[in-house]
Participant: 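Here it is, the structure in full.
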Amino acid sequence: MTASKNPYEKYTNNSIFTASPEELTLKLYEGALKFCNQAITAVENNEYEKANELILKVQAIIREFQVTLNRSYEISEGFASLYAYMHERLITANIKKDLEILGEVRDLLRNFRDMWKEAMLLAKQQKVSV
């Protein structure tokens, strides 16, 4: 592998390689949100091939969440159901290039991301108070 000459790329790679599992999950949520927003813009601009590629990226991230979900917690089944729902909605959105569905998935992703950030903050506060 060749060394990158782009400082931003080096920073991004370093931030990924040094991130905790919790931080990586947050980065995945943020990436899914970014790609979903870009897909919405692509559909609005009638750039359907680009929208397809971006929606597939969101689907890949959601599949990663599905595969890595720790099912030892009671709440996991709720997460699994919502991930499956989002995945199915993205398939429909991609076929129809449906902005409403993409907006729905984006809102769900935003809620997951915000909930994850809150959980990370609470976990950090609990470590400090112990």
Participant: Taking Trp116 for the side chain and Glu22 for the main chain, is one N or O donor matched with an acceptor at less than 3.5 Å?
Facilitator: yes
Participant: side-chain contact (heavy atoms from CB on, under 4.5 Å) between Glu30 and Lys34: does it pass, once the steps are laid out?
Facilitator: CA-CA 6 Å; Glu30 289 174 345; Lys34 178 181 91 171; over 6 Å; no
Participant: Hey, quick one: are Tyr73 and Phe79 part of the same hydrophobic cluster, counting side-chain heavy atoms closer than 4.5 Å, chains of contacts allowed?
Facilitator: yes
Participant: Any salt bridge between Lys117 and Asp114, counting N to O under 4.0 Å?
Facilitator: no
Participant: CG/Asn94 to CG/Asn52 distance, rounded to the nearest 0.5 angstrom?
Facilitator: 4.5 Å
Participant: Output the distance between atom CG (Leu28) and atom CD (Glu64), rounded to the nearest 0.5 Å.
Facilitator: 6.5 Å
Participant: Which heavy atom in Asn37 sits nearest to a heavy atom in Arg106, and how many Å separate them?
Facilitator: OD1-CD, 2.8 Å
Participant: Please report the interatomic distance SG(Cys36) to CD1(Ile61), rounded to the nearest 0.5 Å.
Facilitator: 10.0 Å
Participant: With sequence neighbours left out, write down each residue that passes side chain to side chain donor-acceptor pair (under 3.5 Å) with Glu104, or none if nothing qualifies.
Facilitator: Tyr85, Arg89
Participant: Using the six-membered ring wherever Trp is involved, compare the ring planes of Phe65 and Tyr83 and label them parallel, tilted or perpendicular (cut-offs 30° and 60°).
Facilitator: parallel
Participant: Taking the side chain as C-beta and beyond, is there a heavy-atom pair between Asp98 and Leu102 under 4.5 Å?
Facilitator: no
Participant: In Å and rounded to the nearest 0.5 Å, what is the CD to CE distance from Gln66 to Met86?
Facilitator: 8.0 Å
Participant: Is any side-chain heavy atom of Phe112 closer than 4.5 Å to one of Leu82?
Facilitator: yes
Participant: Does Asn45 reach the main-chain N or O of Thr41 with its side chain, forming a donor-acceptor pair under 3.5 Å?
Facilitator: yes
Participant: Give, for atom NZ of Lys97 and atom OG1 of Thr92, the distance between the pair rounded to the nearest 0.5 Å.
Facilitator: 11.5 Å
Participant: Quick check: closest heavy atoms across Val43 and Ala51, and the distance to 0.1 Å?
Facilitator: CG2-CB, 3.6 Å
Participant: Are Leu99 and Phe35 linked, directly or through intermediate hydrophobic residues, by side-chain heavy-atom contacts shorter than 4.5 Å (ILVMFWY only)?
Facilitator: yes
Participant: Rounded to the nearest 0.5 Å, what separates atom CG in Leu90 from atom CD1 in Ile95?
Facilitator: 11.0 Å
Participant: Can you see which heavy atom on Ser72 is nearest to which on Ser76, and at what distance?
Facilitator: N-OG, 4.2 Å
Participant: Does the side chain of Ile55 come within less than 4.5 Å of Gln59's, by heavy atoms?
Facilitator: yes
Participant: Are Ile91 and Leu108 connected into the same hydrophobic cluster when the rule is that any two of I, L, V, M, F, W, Y join if their side-chain heavy atoms are below 4.5 Å apart?
Facilitator: no
Participant: Is Ile75 atom CD1 crowded by more than 12 heavy atoms from other residues, nucleotides or ligands, each under 6.0 Å away?
Facilitator: no
Participant: What pairs of residues pass the salt bridge (charged side-chain N to carboxylate O under 4.0 Å, His left out) test when at least one of them lies in residues 46-63, not counting sequence neighbours?
Facilitator: none
Participant: Using a 3.5 Å distance criterion without hydrogens, assess whether the side chain of Lys96 forms a donor-acceptor pair with backbone atoms of Ala93.
Facilitator: no
Participant: Checking Leu109 against Val105 for the side-chain contact (heavy atoms from CB on, under 4.5 Å) test, could you report, in this order, the C-alpha distance in whole Å, the side-chain angles of both residues, the deciding distance, and whether it holds?
Facilitator: CA-CA 6 Å; Leu109 285 167; Val105 172; 4.0 Å; yes
Participant: Look at the side-chain heavy atoms of Ile, Leu, Val, Met, Phe, Trp and Tyr, link any pair under 4.5 Å apart, and say whether Leu56 and Leu54 land in one connected group.
Facilitator: no
